[in-house]
There are 2 protein chains.
Amino acid sequence: MTLSEENYLKAIYHLGDVHDGGISTNAIAEQMNTKASSVTDMIKKLSEKGLVHYKRYKGSELTEKGTLVAANIIRKHRLWEVFLVEKLNFTWDEVHDVAEQLEHIKSEKLINELDAFLGFPKHDPHGDPIPDKDGNVSNKLGKLLITLNKNDRGIIVGVKDSSSSFLKYLDKQGIALGKKIKVLDKEPFDNSMKIRIKKEEFMISQQIANNIYVKLSPEA
Amino acid sequence: MTLSEENYLKAIYHLGDVHDGGISTNAIAEQMNTKASSVTDMIKKLSEKGLVHYKRYKGSELTEKGTLVAANIIRKHRLWEVFLVEKLNFTWDEVHDVAEQLEHIKSEKLINELDAFLGFPKHDPHGDPIPDKDGNVSNKLGKLLITLNKNDRGIIVGVKDSSSSFLKYLDKQGIALGKKIKVLDKEPFDNSMKIRIKKEEFMISQQIANNIYVKLSPEA
DNA sequence: TTAAATTTTTAGTCTAAGCTAAAAATAAAA
DNA sequence: TTTTATTTTTAGCTTAGACTAAAAATTTAA
Ligand SMILES: [Mn+2]
Ligand SMILES: [Mn+2]
Ligand SMILES: [Mn+2]
Ligand SMILES: [Mn+2]
């Protein structure tokens, strides 16, 4: 597995999460910040190796083997993110780029020991589930904040966008995993929301509400 | 800095430690397990970048800048080795290959936080000194066991060879860093030695004695 | 159902980093 | 000081991975 092959598998895996069925060549190209022609070449190679199913003009899909490899890379990525936050004082907006590098380190023992060292965490600092050794992943916790109704309460359990800029915005607003949140009002015109977190009340745009996962508290 | 460039700098750095003056192209090729022609190409590139001094047919030497880069990679390598042994239950014969990968991860913050997390260690699991951020390295502790005389005592502080096979041999004999050692006898014919470690007395060959560093205890 | 637009693939280049074989420079031996 | 041996460099090829431009297939629109 070269670094590039691993990154393609990961990209296809992530795209497959949402859009199921064959993943288009263009979609992969966009995700990878590369050109469709490069994707075609790589897809062919991955197909040769039995990691993706591919038929000309029909898009790609990971094989079982490919899925396992991808899940393993994501497992490594997320475990490293936990390590960086829990042990090395990184903030949640600083970890992704470093994890992009660390995820390619090859050592079974390393990752299993790291897992144990961290106490077998189930979620990374963004609330994303950590796959187990066999590639099994639990579902993402919670539902999108945007889908909650007026007066619903819950706990923030994850973010969809984990770009540094978004996370920094959340920090500024005091929005973090584990915080209690209540929907005070929804504005139908622009889908903005008024919310309360720790006695602070403020407005957030649709954009924001669409990128935060909340676990609903049972009705009182 | 590509991965390959970093490995060349490291190789030249290590060769320069022993053999000072210009490092021959062949020496680099051997160290890197590659061909002299490939080395010539790379040396030219590194020279362009101001990382090595190079004149055709005259051998190579790191510039100040090149030395700093190399020392930094070695710093990372050795800090990761400490991490693996101290935190992740690796043995000293298991760490090198993984550290060869980890040393190329690029993040200032990562390495500085790791350093702090480990309590600013001064030596790696093989007794090698860890360079500081500015590339300063303290001297290797101790002298080679082979140079000790009959009845000399000391403490084992390092190994010269850190191949897995050598380290496993040492484990089997109960030879480890920090152990007290006494030279009971030297055999001039084959340069073997009779030694005592923790009440165990046994013979070691010249080969072995030439790869262990000992800090001499002051005479009684 | 033909025509236009879009997507995907192919063909041909480019660069980094290897390699082999041959040429050139340097070092060692006669 | 020639001759011979060794070291180093050059020249030319190879592979992975990316790119551009053109061709082919598929999809959408007329
Ligand atoms: Mn991430
Ligand atoms: Mn994450
Ligand atoms: Mn090492
Ligand atoms: Mn070491």
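Each chain gets a letter, A, B and so on, in the order the sequences are listed, and its residues count up from 1. The structure displayed is predicted, hence computed values, not measured ones.
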Q) Are any of A:Y57's side-chain N or O atoms less than 4.0 Å away from OP1 or OP2 of C:dT10? A) no
Q: Return no unless some side-chain N or O of A:T2 is found under 4.0 Å from OP1 or OP2 of D:dA16.
A: no
Q) Base, sugar-phosphate alone, or nothing: which one does B:S4 contact when heavy atoms must sit under 4.0 Å apart? A) sugar-phosphate
Q | Atom-pair distance (NZ on B:K55; C1' on C:dA25), nearest Å | A | 16 Å
Q) Given C:dC19, is OP1 or OP2 found less than 4.0 Å from the side-chain N or O atoms of B:S37? A) no
(Q) Could you tell me how far apart B:I43 (CD1) and D:dT8 (C1') are, to the nearest whole angstrom? (A) 12 Å
Q | Between C:dT7 (C1') and A:I23 (CD1): distance, integer Å | A | 15 Å
Q | Length of the line joining B:N7:CG and C:dA16:P, which is rounded to integer Å | A | 17 Å
Q.
Quick check: on DNA chain D, is the nucleotide nearest A:D41 upstream (toward 5') of the one nearest B:Y54, or the reverse? Name the residue that is more 5'.
A. B:Y54
Q. Is the distance between the ring centroids of A:H96 and A:H126 under 6.0 Å?
A. no
Q. For the side chain of A:M42, counting heavy atoms from C-beta on, which of D:dT8, D:dC19, D:dA18 is nearest?
A. D:dA18
Q) Can you find a side chain N or O atom of B:N26 that sits less than 4.0 Å from OP1 or OP2 on D:dT8? A) yes
Q. For B:K186 and B:L148, which heavy atoms make the closest approach, and how far apart are they?
A. NZ-O, 2.8 Å
Q: State whether a side-chain donor-acceptor pair under 3.5 Å links A:W92 with A:D171.
A: yes
(Q) Would you say NZ of A:K49 has more than 12 non-hydrogen atoms from neighbouring residues, nucleotides or ligands within 6.0 angstrom? (A) yes
Q. Is any side-chain N or O of B:S38 closer than 4.0 Å to OP1 or OP2 of C:dG18?
A. no
Q. What's the CE-P distance between B:M32 and C:dC19, to the nearest Å?
A. 10 Å
Q | Contact under 4.0 Å: B:R56 side-chain N or O vs C:dT26 OP1/OP2 | A | no
Q.
Using OP1 and OP2 only, check whether a side-chain N or O of B:K35 sits under 4.0 Å from C:dT20.
A. yes
Q: Assess whether atom NZ of A:K133 is packed by more than 12 heavy atoms of other residues, nucleotides or ligands within 6.0 Å.
A: no
Q. Please give, in whole Å, the distance from D:dT9 P to B:K58 NZ?
A. 11 Å
**Q.** side-chain N/O A:K44 vs C:dT9 OP1/OP2, d < 4.0 Å
**A.** no
